[in-house]
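These notes concern the structure reproduced below.
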Amino acid sequence: MKKQRVIGMFDSGVGGLTVMKEILERLLDVRIVYFGDTARVPYGNRSREELIRFGEEIVTFLIGQGAEVIVVACNTSSATALPVLREHFDIPMIGMVEPGARLAVEKTIAGRIGLIATETTVRSKAYSSGVSRALTKGSLPEDLVLRKAWQQGEQVISLVSAQSCPLFVPLIEAGLANSAEARGIAQTYLAPMKAAGVDALILGCTHYPFIEPVLQEILGEDVLIIDPALAVVKELENLLQHMEEWERSGLVVVPSNPLLGKNHWRARYFVSGDPGLFRQVGNTLLQEPIDLVEQVILGES
Ligand code: DGL
């Protein structure tokens with residue numbers, strides 16, 4: 001049996017649950033401590049300095065809860081604060097942007113990648129650099145025609161359009177992902193993607209998978225929706241395997257995690273705001289019902 005690990009995850013609110021869902025379904029040996037910063041949501045128009053401060057408070061809290069790996073299940077924090085958090089903490093961290101950009105490069109068939117995300121993520125240009133970096137580091141499209149064109153030196157793959165969608169997060173946090181309002185707003189936000197002829201659209205905010213069916217309907221079946229969470233799970237799986245190898249080879253010695261011995265929990269939930277609303281919205285998404293959500297106040301808003 002594989003060693004059980006505690007993964008610490010955070011987001012501004014319920015968005016990171018879309019990543020957590022994929023992890024819980026695919027990696028059966030992990031336990032998750034989730035923190036939703038619902039008292040300070042949305043993160044999407046926060047400054048880099050604020051996001052670094054929030055990230056530091058939350059990672060400190062998660063480590064205190066026994067986390068051995070951190071998944072920054074928020075694109076906005078991944079695009080801005082993650083490099084600084086990696087410098088400040090001696091714990092492996094996985095963000096959303098690099099895996100998401102790689103997945104888009106692999107899956108695009110026309111090389112016309114689009115992005116919808118928060119204002120801060122779009123402004124950071126993290127995804128366009130992520131796509132270029134993925135290509136430089138050797139990621140290749142699975143589509144053979146596109147791959148050949150790229151290998152022959154044609155600049156055929158790039159992020160051609162990026163749109164911020166500030167109204168999505170408040171609607172999703174309020175449990176209104178399937179409302180007529182969300183649909184109408186989505187039509188407006190997606191118009192530039194259609195005009196740019198994107199063939200692969202990155203959901204660059206972990207809240208957006210909550211409205212994926214609506215987005216797919218508006219875009220039509222020819223546009224592939226890329227959820228970075230799928231690539232994050234793979235990256236996490238690889239990291240956990242490496243950690244096991246390092247320990248087996250004696251390269252690192254990890255004391256046994258005292259929190260694992262207690263009882264048989266699979267996931268624990270903490271929020272900075274209203275636990276009731278989080279439970280209600282979260283339960284519409286996750287198969288495993290969320291029954292206990294604890295409130296924790298961290299720093300100032
Ligand atoms: N879900 C987060 C993201 O992936 C944050 C959204 C927000 O709070 O604005 O960017």
Side-chain angles (χ1 to χ4, degrees), residues 8-23 34-55 57-59 70-83 85 93-101 103-104 114-128 130 162-177 182 185-186 189 201-212 215 225-233 235 269 271-274 277-278 281-282 284-286 298 301:
M9 301 182 62
F10 72 93
D11 178 46
S12 60
V14 293
L17 294 177
T18 62
V19 185
M20 180 171 174
K21 178 174 180 270
E22 303 298 334
I23 296 177
Y34 185 94
F35 184 86
D37 202 359
T38 52
R40 304 190 283 203
V41 67
Y43 275 10
N45 48 9
R46 298 272 188 179
S47 69
R48 182 171 169 271
E49 289 67 32
E50 279 178 306
L51 293 164
I52 291 172
R53 177 161 57 86
F54 298 170
E57 289 166 4
I58 297 167
V59 173
I70 301 289
V71 174
V72 180
C74 170
N75 289 266
T76 314
S77 299
S78 303
T80 54
L82 181 57
L85 297 178
M93 293 192 194
I94 295 176
M96 301 302 300
V97 177
E98 299 291 325
L103 187 62
L115 169 74
I116 52 171
T118 65
E119 275 169 33
T120 300
T121 301
V122 169
R123 220 178 321 117
S124 75
K125 300 209 170 11
Y127 268 101
S128 51
Q163 171 70 40
S164 64
C165 309
L167 296 174
F168 279 161
V169 169
L171 282 169
I172 293 164
E173 285 289 325
L176 297 171
I185 290 166
Y189 285 153
L201 176 71
I202 302 171
L203 301 186
C205 171
T206 54
H207 280 75
Y208 299 172
F210 275 99
I211 48 167
E212 188 174 336
L215 302 177
I225 291 186
I226 308 283
D227 182 354
L230 304 174
V232 167
V233 179
E235 186 149 331
Y269 302 90
V271 292
S272 52
D274 177 9
L277 183 59
F278 180 90
V281 179
T284 62
L285 181 81
L286 289 180
L298 302 178
S301 54

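As the structure lists them, so they are numbered: ligands from 1, and atoms in each ligand from 1. Note: hydrogens, waters and symmetry copies are ignored here, and every other heavy atom, side chains too, is used.
Here N75 has heavy atoms under 4.0 Å from ligand 1 in both its backbone and its side chain. The parts of C205 lying near ligand 1 are both backbone and side chain, judged by heavy-atom distances below 4.0 Å. If you look at V41 next to ligand 1, the close heavy atoms, those under 4.0 Å, all belong to the side chain. Counting heavy atoms under 4.0 Å from ligand 1, residue T206 touches it through both backbone and side chain.
Protein heavy atom at the shortest distance from atom 7 (C) of ligand 1 is Y43 N, 3.3 Å. Summary of contacts: the protein heavy atom closest to atom 2 (C) of ligand 1 is D11 OD1, 3.1 Å. The closest protein non-hydrogen atom to atom 5 (C) of ligand 1 is S12 OG, 3.4 Å. The protein heavy-atom contact nearest to atom 10 (O) of ligand 1 is T76 OG1, 2.6 Å.
Side-chain contact between E173 and V14 is present, with heavy atoms from C-beta onward closer than 4.5 Å. Side-chain contact between I94 and V232: present, with at least one pair of heavy atoms (C-beta onward) separated by less than 4.5 Å. Put simply, the side chain of V169 reaches to within 4.5 Å of the side chain of C205, judged on heavy atoms. Counting heavy atoms from C-beta outward, T18 and H207 have side chains that stay 4.5 Å or more apart.
A cation-pi contact links R40 to F54, judged by a cut-off of 6.0 Å to the six-membered ring centre and 45° from its axis.
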T76 and R46: CA distance, side-chain angles, deciding distance, side chain to side chain contact (heavy atoms under 4.5 Å, CB included) verdict: CA-CA 9 Å; T76 314; R46 298 272 188 179; 6.0 Å; no
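For ligand 1 and G44, the ligand atoms under 4.0 Å from any heavy atom of the residue are 7 (C), 8 (O), 9 (O).
The distance criterion of under 3.5 Å between nitrogen or oxygen atoms is not met by T121 with respect to ligand 1. The shortest N or O to N or O distance between V169 and ligand 1 is not under 3.5 Å. The shortest N or O to N or O distance between T118 and ligand 1 is not below 3.5 Å.
Using modelled atom types, no side-chain atom of S164 and backbone atom of A117 make a donor-acceptor pair closer than 3.5 Å.
Taking the six-membered ring wherever Trp is involved, the centroid distance between the rings of Y189 and Y208 does not fall below 6.0 Å.
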